[in-house]
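Read the structure below first, then the notes.
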Amino acid sequence: MADVLVVGELKNGELKKISKELTSAARKIADAIGGKVHTLIITDNVDAFAGDLKAVGADAVIGANLGEFSPEGYANGIFAVIQEKKPAVVLMPHSAQGKEYSARVAIKANAGIVADAVALSVDGGKVVAKKPIYSGKAYANFKVSSDIQMFTVRANSQEVTPKDGAGAVEKSGASVGEVRTKSLSKDLSGGNKVQLADASIIVSGGRGIKGPENWPIIQDLADTLGAALGASRATVDAGWISHSHQVGQTGKTVSPNCYIACGISGAIQHLAGMGSSKYIVAINKDGDAPIFKVATYGVVADLFEVVPALTSEFKKVLG
Ligand SMILES: Cc1cc2nc3c(=O)[nH]c(=O)nc-3n(C[C@H](O)[C@H](O)[C@H](O)COP(=O)(O)OP(=O)(O)OC[C@H]3O[C@@H](n4cnc5c(N)ncnc54)[C@H](O)[C@@H]3O)c2cc1C
């Protein structure tokens, strides 16, 4: 029992990048503990994703048709695959869906689980997961002592490394089993153009944008870069934008490759949601703003001059 099972994720029928990130991370773990990598995709069309997952290390790409998302149904189906494959390690996305089913899966499998890992390594045959604690002010390392070790992993925290696996395609007969809740309706009005949690670039605006009429300046930069639009709580509380855009302790936790903060002071509660971003670019006219303590690049200037200039330069470069 040294195999690693990855639960991948689709969005609108497309493979989400987290599926490759987790498969790549699983490959490294499996190579260290001497096992195979199985990547489970909830779909009736697993063949469509097998090539991409094989190329990042999947030995088996398993399709399970569990229908429309339900936390209970997915937990039942994923647990059925765990019973069949008997993995030592299970990696799940720390996504909106993953957060809903992962703890249920852990309870069913009588396994310990570490949520929101941002780094994974192997020590003495066991996985060590690094995760933020105290709202991102510090990090701690954890091991899981149960036979099955489970982890949810933050998007964009793992490198995708090309490495061929065996890539066998399997169709699982796992079913949703008994589901005791029923989805009655959906309100998608808060949906962003690019989803914050998965975005590799985020452009965020704070109180420094002065009012909701100025969002187009920030949105224009975001659109040019193919980025998601984020916001500080001050702008959400002021009613300038919906809470679905809020980044921070009481908003979304994000970990993009690049986070561009425009007119955001960098309060600890905001940093709690974006502090693990790979590169942080801060644009703020106050050189003493705390955001500059975490920024990779800082521009001390008026955002109303800098942001349109950046957008125009990116438009020239990116066409
Ligand atoms: C329990 C709790 C939970 C919280 N959760 C969150 C959370 O999830 N997310 C969050 O963001 N906050 C959260 N907050 C609020 C947080 O403490 C801050 O109040 C908030 O982040 C401030 O938002 P801001 O940076 O947009 O505004 P401000 O702190 O007012 O900063 C605005 C910045 O804009 C700059 N600026 C002004 N004009 C310009 C200009 N023309 N060009 C460039 N820069 C300019 C200013 O120098 C200033 O630094 C929480 C607070 C509490 C108590």
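As the structure lists them, so they are numbered: ligands from 1, and atoms in each ligand from 1. Heavy-atom basis, side chains included; hydrogens, waters and symmetry copies ignored.
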List the closest protein heavy-atom neighbour of [atom]: residue, atom name, distance to the nearest 0.1 Å.
atom                    : value
atom 22 (C) of ligand 1 : Ala234 CB, 3.9 Å
atom 45 (C) of ligand 1 : Lys285 CG, 3.8 Å
atom 38 (N) of ligand 1 : Lys210 NZ, 2.9 Å
atom 36 (N) of ligand 1 : Gly208 CA, 3.6 Å
atom 42 (N) of ligand 1 : Leu303 N, 2.9 Å
atom 4 (C) of ligand 1  : Arg233 NH1, 3.2 Å

Using a strict 4.0 Å cut-off to heavy atoms of [X], name the atoms of ligand 1 that fall inside it.
X      : answer
Phe304 : 41 (N)
Thr250 : 3 (C), 4 (C), 5 (N), 6 (C), 7 (C), 8 (O)
Gln249 : 7 (C), 8 (O)
Gly251 : 8 (O)

Taking [atom1] in [X] as the centre, count heavy atoms belonging to other residues, nucleotides or ligands within less than 6.0 Å. Is the count above 12?
X      : atom1 : result
Tyr139 : OH    : yes
Asp147 : CG    : no
Lys36  : NZ    : no

Derivation and outcome, salt bridge (Lys or Arg N to Asp or Glu O under 4.0 Å), residues Lys99 and Asp116 | CA-CA 9 Å; Lys99 282 187 242 179; Asp116 200 17; over 6 Å; no
Looking only at heavy atoms, is any part of Val247 under 4.0 Å from ligand 1, and if so is it the side chain, the backbone, or both, or is it neither?
-> backbone
Measure Cys262 to ligand 1 on non-hydrogen atoms and call it side chain, backbone, both or neither using the 4.0 Å cut-off.
->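 Looking at Cys262 and ligand 1, no heavy atom falls under 4.0 Å.
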If you measure from each heavy atom of Thr235 to ligand 1, is any distance below 4.0 Å?
-> no
Ala301 to ligand 1, any heavy atom closer than 4.0 Å | yes
Is there any salt bridge (charged side-chain N to carboxylate O under 4.0 Å, His left out) pair reaching into residues 65-89, and which pairs are they, with sequence neighbours excluded?
-> Glu68-Lys186, Glu72-Arg180, Lys85-Glu170
For residues 299-316, pull every pair meeting salt bridge (charged side-chain N to carboxylate O under 4.0 Å, His left out), keeping only residues two or more places apart or in separate chains.
-> Asp220-Lys315, Glu313-Lys316
Salt-bridge criterion met for [X] and [Y] (N-O under 4.0 Å):
X      : Y      : result
Asp47  : Lys171 : yes
Asp31  : Lys163 : yes
Lys20  : Glu9   : no
Asp123 : Lys143 : yes

Can you see which heavy atom on Val254 is nearest to which on Leu196, and at what distance?
->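 Heavy atoms only, the tightest pair is CG1-O, 3.8 Å.
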Option of least heavy-atom distance to [atom] (set: [options]):
atom                    : options                        : answer
atom 48 (C) of ligand 1 : Asp302, Asp286, Asn284, Val306 : Asn284
atom 52 (C) of ligand 1 : Arg207, Gln269, Glu305, Gln246 : Gln269
atom 29 (O) of ligand 1 : Ser232, Ala267, Ser265         : Ser265
atom 32 (C) of ligand 1 : Gly248, Gly263, Gly206         : Gly263

Okay, side chain of Asn76, backbone of Glu178: is any donor-acceptor separation there less than 3.5 Å?
->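 Yes; at least one donor-acceptor contact below 3.5 Å.
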Answer yes if a protein heavy atom lies under 4.0 Å from atom 19 (O) of ligand 1, otherwise answer no.
-> no
